[in-house]
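Comments concern the structure below.
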Amino acid sequence: MRVTQIFAAAALALVSTFAAATDNAEQAIRKTLQSLELGVPVDSVASSPLNGLYEVKLEGGRVLYASGDGQFVMQGYLFQIQDGKPVNLTEKTERQAIAKTINAIPAAEMVVYPAKGETKSHITVFTDTTCPYCHKLHAEVPELNRRGIEVRYVAFPRQGLGSPGDEQLQAVWCSSDRKAALDKMVDGKEIKAAKCANPVGKQFALGQSIGVNGTPAIVLENGQVIPGYQPAPQVAKLALAK
């Protein structure tokens, strides 16, 4: 009985020491990141699979790594060899976080083109109506819908807030029929819409937080980000892959 109590006390002390070390590391790392002025809030700090290295999740999904004393911060991929094959742990973590963030966007804040028949998957597209490759992708939305893929648009004025693209996107999002407005805008037609409270600025910031820096940017249901235009068959293959 005495031996059992000793082991229990030792285990409790070890857990307490580990928790205190993690708390101290988190404080040091947060202090360092604050001094770096990243412009993106820190979501969490926790031990990584690699001993001595801490995983820092930024709001939106991106991941950094840091030493426990906060003296070293790095951005890059952390791989683990499993069954003789490399597994990208960083990409896996980032995709999970991005999927959670993107899939939480209310449908009422997007322009949605539903799948025809059974919805097999969905993609979320950061778009700009002044972007030629966004127009090219938009022309293939019916084909994606036919393949069972729902296309969800969010706004990303690639030249920044206050740009012509921003003004156009706000007009689309303030229209009573967003789909019709987006279709017309992509066709080069001018649309009129009264100013309104809209999510364009918020969606632009969200895109930046997950690493979007151009349009179109396609986010799959699993959180994988595909930068740039891809033809419908290739997008469908990726979106429907299990």
Side-chain angles (χ1 to χ4, degrees), residues 40-41 43 58-62 95-131 134-135 137-187 189-212 214-226 232 235-236 239-240:
V40 181
D43 190 39
L58 302 180
E59 189 174 286
R62 285 187 289 178
R95 285 185 182 182
Q96 289 172 345
I98 290 172
K100 182 178 179 181
T101 298
I102 294 298
N103 293 333
I105 301 174
E109 294 184 3
M110 300 185 286
V111 183
V112 181
Y113 290 75
K116 301 296 183 183
E118 178 191 357
T119 301
K120 299 175 183 177
S121 186
H122 69 259
I123 62 172
T124 304
V125 182
F126 285 84
T127 194
D128 182 334
T129 48
T130 67
C131 157
C134 295
H135 296 181
L137 177 62
H138 190 69
E140 299 189 46
V141 167
E143 174 62 17
L144 290 168
N145 292 159
R146 188 188 68 77
R147 292 172 180 253
I149 300 168
E150 180 177 274
V151 178
R152 306 172 176 181
Y153 277 116
V154 289
F156 192 87
R158 59 199 173 110
Q159 294 179 321
L161 300 179
S163 66
D166 178 36
E167 293 296 321
Q168 289 186 16
L169 290 166
Q170 288 195 51
V172 169
W173 259 258
C174 287
S175 298
S176 57
D177 187 339
R178 291 178 183 170
K179 284 176 60 179
L182 182 58
D183 291 342
K184 289 179 181 178
M185 192 73 81
V186 169
D187 285 342
K189 301 173 183 176
E190 185 178 358
I191 63 170
K192 299 291 186 181
K195 292 287 185 179
C196 71
N198 63 76
V200 172
K202 181 173 68 173
Q203 291 176 359
F204 178 63
L206 186 146
Q208 290 180 311
S209 75
I210 67 171
V212 173
T215 54
I218 303 167
V219 185
L220 303 182
E221 189 174 356
N222 66 2
Q224 179 182 353
V225 180
I226 303 171
V235 174
L240 297 174

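Keep in mind the model is a prediction, meaning the values are calculated, not measured.
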Once you round to the nearest 0.5 Å, how far does [atom1] of [X] lie from [atom2] of [Y]?
| X | Y | atom1 | atom2 | answer |
| --- | --- | --- | --- | --- |
| Ile123 | Leu240 | CD1 | CG | 10.0 Å |
| Ile102 | Arg152 | CD1 | CZ | 10.5 Å |
| Leu137 | Thr127 | CG | OG1 | 7.5 Å |
| Asp128 | Gln159 | CG | CD | 7.0 Å |
| Met185 | Asp187 | CE | CG | 11.0 Å |

Between [X] and [Y], is any pair of side-chain heavy atoms under 4.5 Å apart?
| X | Y | answer |
| --- | --- | --- |
| Thr101 | Leu206 | yes |
| Val151 | Val125 | yes |
| Leu182 | Tyr153 | yes |
| Val200 | Asp166 | yes |

Closest non-hydrogen atom pair, [X] against [Y]:
| X | Y | value |
| --- | --- | --- |
| Val112 | Lys179 | O-CD, 3.2 Å |
| Ile191 | Ala181 | CD1-CB, 3.6 Å |
| Leu169 | Pro157 | CD1-N, 3.6 Å |
| Tyr113 | Asn145 | O-ND2, 3.1 Å |
| Thr215 | Phe126 | CG2-O, 3.6 Å |
| Val212 | Ala217 | CG1-CB, 3.8 Å |

List for me each residue that meets side-chain hydrogen bond (donor to acceptor under 3.5 Å, both in side chains) alongside [X], sequence neighbours excluded, and say none if there are none.
| X | value |
| --- | --- |
| Asn103 | His122 |
| Ser175 | none |
| Arg62 | none |
| Thr124 | none |

Does any donor atom in the side chain of Glu221 or Ser121 lie under 3.5 Å from an acceptor atom in the other side chain?
yes

Distance-only side-chain donor-acceptor flag, His138 / Asp183, under 3.5 Å:
yes

Please check if the number of heavy atoms outside Glu59 that lie under 6.0 Å from its CD is greater than 12.
no

Tell me the side-chain hydrogen bond (donor to acceptor under 3.5 Å, both in side chains) pairs involving residues 189-206, sequence neighbours left out?
Glu109-Lys202, Glu167-Lys195, Gln170-Asn198, Glu190-Lys192

Show, in sequence, the C-alpha distance, side-chain angles and deciding distance for Trp173 and Val111, and conclude whether the side-chain contact (heavy atoms from CB on, under 4.5 Å) test is met.
CA-CA 8 Å; Trp173 259 258; Val111 183; 3.7 Å; yes

Between the main-chain N or O of Ala232 and the side-chain N or O of Glu140, is there a donor-acceptor pair closer than 3.5 Å?
yes

Does Lys116 offer a backbone N or O that forms a donor-acceptor pair with the side chain of Arg147 under 3.5 Å?
no

Could you walk me through whether Ile98 and Val219 pass the side-chain contact (heavy atoms from CB on, under 4.5 Å) test, one step at a time?
CA-CA 9 Å; Ile98 290 172; Val219 185; 4.0 Å; yes

By salt bridge (charged side-chain N to carboxylate O under 4.0 Å, His left out) - contacts of Arg178 (at least two apart)
none

